[in-house]
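Everything on this sheet refers to the single structure shown next.
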Amino acid sequence: MTDERDTGARPAAALASGAHATAPAAAADSADSAIGTDCAAADATDAAAGEATAPDGASLPTGLRAWFDRHGWVVPTVIVGLVVALPLRGVFRAPGPPMEEGFMIVFPERLLHGDIPNKDFLHLYGPGSIWTIAGFFKVFGVSLWTERVVGMLQLVGLISAMGAIGYRWGRYVAALCGAITALIIIPPIGVTALAWVGGIAFALWSLVLATRALDPGQRRDRALTIAGLLAGAALLYRPDLVVCLGLSLGVLFVWALDRTGRRRLLAGAALGVSPYLVHLALAGPANAVRGMVLEPVFELRAGRRLPFPPPSDDYTSFLNRAFAFRKFPWPLPAADQPMQIWLFFWTLMLAIAALLAIAVWARRAGSPHGWRLVTLSLFAAGLLPQAVQRADTAHLSWVSCVTFGLLPAFVVEALRLRGVRVSLTRAAALAPLALMLLFPHFTYRWYADYVGQSFGYDREFYSVDHRGRSFYYGRQDVGVAAEEMFADVERLTEPGDRLIVGPGDLAVTPYSESYLYFMLPQLEPGTHYIEMDPGVANAEDSGLADELREADVVI
């Protein structure tokens with residue numbers, strides 16, 4: 001038996017139905033030199049720092065120092081790369097969320113078998129992430145590891161985009177922007193290939209290129225076309241990103257671009273979203289609209305909503321309660337975890353307000369970064385519905401990884417406008433790191449826990465194995481029970497039989513252990529609701545009751 005401190009999953013429940021029942025449960029943008037006096041001074045300070053002496057007291061070779069000066073992106077890339085790499089071994093072996101990571105494996109495999117999202121199974125987002133993972137599965141085989149490699153690439157895309165944004169204010173800021181983003185997004189997301197992370201990565205790179213096209217002397221036509229393409233790709237992953245992209249790119253489109261630039265951006269975006277025509281043809285317009293608009297926005301929303309704002313004295317999210325205890329020590333005083341969630345939420349609100357205020361100030365002051373700051377702050381504000389609708393630490397991290405990642409650049413720009421000298425400006429850019437001490441258990445401590453696991457500290461993980469497939473689970477007892485259950489399933493079924501996985505009481509459908517479909521590939525999913533959601537799978541007209549009657553085995 002194992003300590004259950006880190007479980008993020010429910011034990012599987014069983015329900016008798018049908019014939020049988022059984023149970024156990026890209027690289028950073030090599031941008032031009034930083035614009036403005038402070039940016040140039042910051043890089044000059046970086047160069048001066050390069051005149052450190054070797055251990056024997058001799059100066060470093062001039063050629064090496066000159067090379068680093070010419071390739072300013074190298075140092076922040078190495079720093080941020082280390083922040084990403086240190087926890088990776090622990091993260092790759094960490095348990096994933098059984099429903100979310102489960103369906104990010106099952107959906108692409110079903111696609112390879114000819115099933116279509118929205119038509120043959122419920123899918124609340126765009127088809128882009130499923131298509132991408134299915135392509136990797138086609139080349140490298142269907143496995144948890146393949147899916148997690150895709151998740152890692154998405155993380156790298158998101159974090160490197162934040163570094164590229166910060167590089168406009170110098171190498172120091174670029175390193176801070178990327179590192180802060182990594183510290184926030186890696187712990188709750190890990191390397192699960194969630195559509196949100198991939199969509200945000202594409203969206204941020206779209207902003208990098210779109211705002212770069214505003215600089216004098218840039219090849220703006222190509223940059224804007226690619227920016228539009230990337231924005232379209234983001235919408236293929238998550239249609240709801242239309243809010244933040246509409247706000248940010250919309251401002252550029254209306255006020256900052258000329259007619260040619262608008263045409264280029266619009267043409268790229270149209271080309272980027274054009275694969276939706278393929279999806280509409282395969283799934284059918286009615287199924288696509290119902291699956292991507294009606295169900296997530298109008299039917300599911302109330303069932304997934306958490307109290308707003310989050311209370312300061314109790315957990316409102318099952319996953320937050322499940323991850324409440326970790327053995328990794330934290331040496332500094334910290335509030336109780338519900339209070340930390342409350343502080344996390346309100347600090348995020350204040351940070352977004354600060355971004356908007358600084359952006360308006362910079363634009364009115366005639367800063368060369370004015371439109372860039374307006375665009376980025378509106379993008380961060382457009383992400384707020386995720387945090388407001390479901391203020392658990394996962395959704396707070398989804399939003400704050402961008403907001404807090406942008407803060408160093410905005411702080412530096414604000415102080416530059418105030419005429420503060422460079423050394424103080426660089427010191428003040430550390431402010432977001434200090435702010436995160438208000439809720440360290442969901443940032444620093446969680447990150448440090450994964451780093452420790454990467455190097456063997458308190459390293460425990462449990463693998464559920466069957467038919468050459470593996471899934472990492474947070475509880476050893478459930479993993480053992482699952483493997484015992486698989487033997488019963490094999491005895492009671494034949495290949496091609498229909499399987500349904502759900503909670504013990506199917507009158508309510510808040511969750512399902514959808515990874516079990518992955519572990520039993522010889523069986524066909526017997527329900528449209530591989531992912532089960534309240535207000536959708538248990539709706540009166542969902543058809544789930546009829547599917548249960550026809551199923552061969554129900555877990």
Next on the checklist: Please check: side-chain N/O of Asn538 versus main-chain N/O of Pro534, any donor-acceptor pairing under 3.5 Å?
Outcome noted: no
Checklist entry - Do we see a donor-acceptor contact under 3.5 Å between the side chains of Tyr511 and Glu100? => result yes
Next on the checklist: Against Leu155, only a single residue in Val91, Thr181, Val197 fulfils side chain to side chain contact (heavy atoms under 4.5 Å, CB included); can you say which?
Outcome noted: Val197
Next on the checklist: I need the minimum non-hydrogen distance between Ala380 and Leu406, along with the two atoms involved.
Outcome noted: CB-CD1, 4.4 Å
Item to check | Side chain to side chain, Val142 and Phe136, heavy atoms closer than 4.5 Å | outcome: no
Anything under 3.5 Å between a donor and an acceptor, one on a side chain of residues 120-130, the other on a protein residue two or more places apart or in another chain? List them.
residue	atom	partner	partner atom	Å
Asp120	OD2	Ile116	N	2.8
His123	NE2	Gly126	O	3.1

Item to check | Candidates Phe344, Trp446, Tyr444 - the one meeting ring-ring contact (aromatic ring centres under 6.0 Å, His included) with Phe439 | outcome: Phe344
Next on the checklist: For Val83, is there any backbone N or O sitting under 3.5 Å from a side-chain donor or acceptor partner on Tyr447?
Outcome noted: yes
Show me, pair by pair, the donor-acceptor contacts under 3.5 angstrom made by side chains of residues 352-368, not counting sequence neighbours?
residue	atom	partner	partner atom	Å
Ser367	OG	His369	N	3.0
Ser367	OG	Glu413	OE2	2.5
Ser367	OG	Arg416	NH2	3.4

Checklist entry - Can any side-chain N or O of Ser397 pair as donor or acceptor with the backbone N or O of Pro188 at less than 3.5 Å? => result no
Item to check | Intermediate values then yes/no, side chain to side chain contact (heavy atoms under 4.5 Å, CB included), Tyr517 and Thr527 | outcome: CA-CA 11 Å; Tyr517 294 105; Thr527 177; 3.4 Å; yes
Item to check | Ring geometry between Trp255 and Trp371 (parallel below 30°, tilted from 30 to 60°, perpendicular above 60°) | outcome: parallel
Checklist entry - From Trp342 CH2 over to Thr347 OG1, what is the distance, rounded to the nearest 0.5 angstrom? => result 8.5 Å
Next on the checklist: Using side-chain heavy atoms (C-beta onward) and a distance below 4.5 Å, is Val411 in contact with Leu430?
Outcome noted: no
Next on the checklist: Is there a side chain to side chain contact (heavy atoms under 4.5 Å, CB included) between Leu207 and Phe379? Walk through the geometry before answering.
Outcome noted: CA-CA 9 Å; Leu207 297 185; Phe379 182 83; 3.5 Å; yes
Next on the checklist: Run the side chain to side chain contact (heavy atoms under 4.5 Å, CB included) test on Leu249 and Ser206 for me, step by step, so that the C-alpha distance in whole Å, both residues' side-chain angles and the decisive distance to 0.1 Å come before the verdict.
Outcome noted: CA-CA 9 Å; Leu249 293 180; Ser206 173; 3.7 Å; yes
Checklist entry - Would you say Tyr529 and Leu506 make side-chain contact, with heavy atoms under 4.5 Å? => result no
Next on the checklist: If you define the side chain from C-beta out and look only at heavy atoms, does anything of Leu241 sit under 4.5 Å from Leu383?
Outcome noted: yes
Next on the checklist: For the aromatic rings, using the six-membered ring if either is Trp, is the centroid distance between Phe202 and Tyr237 under 6.0 Å?
Outcome noted: yes
Checklist entry - Can you tell me if Glu547 uses its side chain to pair, donor with acceptor, with the backbone of His528 under 3.5 Å? => result yes
Item to check | Spatial distance of atom CD1 (Ile105) from atom CZ (Arg110) [nearest 0.5 Å] | outcome: 14.0 Å
Could you tabulate the donor-acceptor pairs under 3.5 Å formed by side-chain atoms of residues 265-278, not counting sequence neighbours?
residue	atom	partner	partner atom	Å
Ser274	OG	Leu271	O	2.6
Tyr276	OH	Leu235	O	2.6

Checklist entry - So which heavy atom on Ala213 is nearest to which on Ala223, and how close? => result CB-CB, 4.1 Å
Checklist entry - What is the distance from atom CG of Asp258 to atom CZ of Arg264, rounded to the nearest 0.5 Å? => result 11.0 Å
Next on the checklist: Between Thr211 (side chain only) and Val208 (backbone N and O only), is there a donor and an acceptor less than 3.5 Å apart?
Outcome noted: yes
Checklist entry - Can we call the ring centroids of Phe92 and Trp145 under 6.0 Å apart? => result yes
Item to check | Backbone N/O of Pro76 and side chain of Arg171: donor-acceptor pair under 3.5 Å | outcome: no
Checklist entry - Donor-acceptor pair, Thr192 side chain versus Gly96 backbone, under 3.5 Å? => result no
Checklist entry - Would you say the side chain of Arg372 lies within less than 4.5 Å of the side chain of Ile165, judging by non-hydrogen atoms? => result no
Next on the checklist: I'd like to know if the side chain of Ser512 and the backbone of Ile530 have a donor-acceptor N/O pair within less than 3.5 Å.
Outcome noted: yes
Next on the checklist: Could you check whether any side-chain heavy atom of Val191 comes within less than 4.5 Å of a side-chain heavy atom of Leu88, counting everything from C-beta outward?
Outcome noted: yes
Item to check | Interatomic distance, His441 atom NE2 to Ile341 atom CD1 [nearest 0.5 angstrom] | outcome: 11.5 Å
Next on the checklist: On a heavy-atom basis, which atom in Gly163 and which in Ala174 lie closest, and how many Å separate them?
Outcome noted: O-CB, 3.4 Å
Item to check | Residue pair Ser400 / Ile184: nearest heavy atoms and the distance that separates them | outcome: OG-CG2, 3.5 Å
Checklist entry - Can Met104 and Glu531 be said to form a side chain to side chain contact (heavy atoms under 4.5 Å, CB included), step by step? => result CA-CA 10 Å; Met104 291 312 298; Glu531 172 188 359; over 6 Å; no
Checklist entry - Any donor-acceptor pair under 3.5 Å linking the side chain of Glu513 with the backbone of Met99? => result no
Next on the checklist: When you compare the side chains of Glu295 and Asn118, does any donor N or O come within less than 3.5 Å of an acceptor on the partner?
Outcome noted: no
Next on the checklist: As an exercise, state the distance from CG of Leu194 to CD1 of Ile200, rounded to the nearest 0.5 Å.
Outcome noted: 12.0 Å
Checklist outcome for this item: For Cys177 and Gly405, the nearest pair of non-hydrogen atoms, with its separation, is SG-O, 3.1 Å
Item to check | Heavy-atom pair of closest approach, residues Val106 and Ser514 | outcome: CG2-O, 3.6 Å
Checklist entry - Looking at side-chain heavy atoms only, is the closest gap between Asp215 and Arg220 below 4.5 Å? => result no
Checklist outcome for this item: Distance col, row Leu204:CG vs Leu209:CG, nearest 0.5 angstrom, shows 11.5 Å
Item to check | Pairwise side-chain contact, Val374 with Leu252, heavy-atom cut-off 4.5 Å (strictly under) | outcome: no
Next on the checklist: Main chain of Gly141, side chain of Thr146: is a donor-acceptor contact present, judged purely on distance under 3.5 Å?
Outcome noted: yes
Item to check | Whether His279 and Trp131 hold their rings parallel, tilted or perpendicular, with breakpoints at 30° and 60° | outcome: perpendicular
